[in-house]
Amino acid sequence: GREGKEDRTELEYVLTVDADLYRNLIKEISDSLLIPCGLYYCCQETENHGARVNICVAICLLSIVFAFLFVSTLIWPLD
């Protein structure tokens, strides 16, 4: 009875953490602050917003493309 309990070893658990965990965490915080207009979060899945991109991002991109096309037709018109 008692001898069997002495032979048992206690369970030990080891928690491993990635060596670059804190470096990656600080890098993500820095990136989120440096990228303008909240674009860092536009495709990130979060608890509140999901993976949806704001429609203003698409409108801005289309506006830039159409402005470039308009200016290029003024500079190099077709004959």
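Numbers here simply count residues along the sequence, with the first being 1.
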Judged by atom type as modelled, is there a donor-acceptor pair below 3.5 Å linking the side chain of Ser30 to the main-chain atoms of Lys27?
no

Expected list for residues 58-68: side-chain donor-acceptor pairs under 3.5 angstrom, two or more places apart:
residue : atom : partner : partner atom : Å
Ser63   : OG   : Ile59   : O            : 2.8

When rounded to the nearest 0.5 angstrom, what is the spacing between CG in Asp31 and CD1 in Ile26?
11.5 Å

Strictly by salt bridge (Lys or Arg N to Asp or Glu O under 4.0 Å), give each pair with a member in residues 13-22 just once, sequence neighbours left out.
Asp20-Arg23

Atom CD1 of Ile29 and atom CG of Leu25: how far apart are they, to the nearest 0.5 Å?
4.5 Å

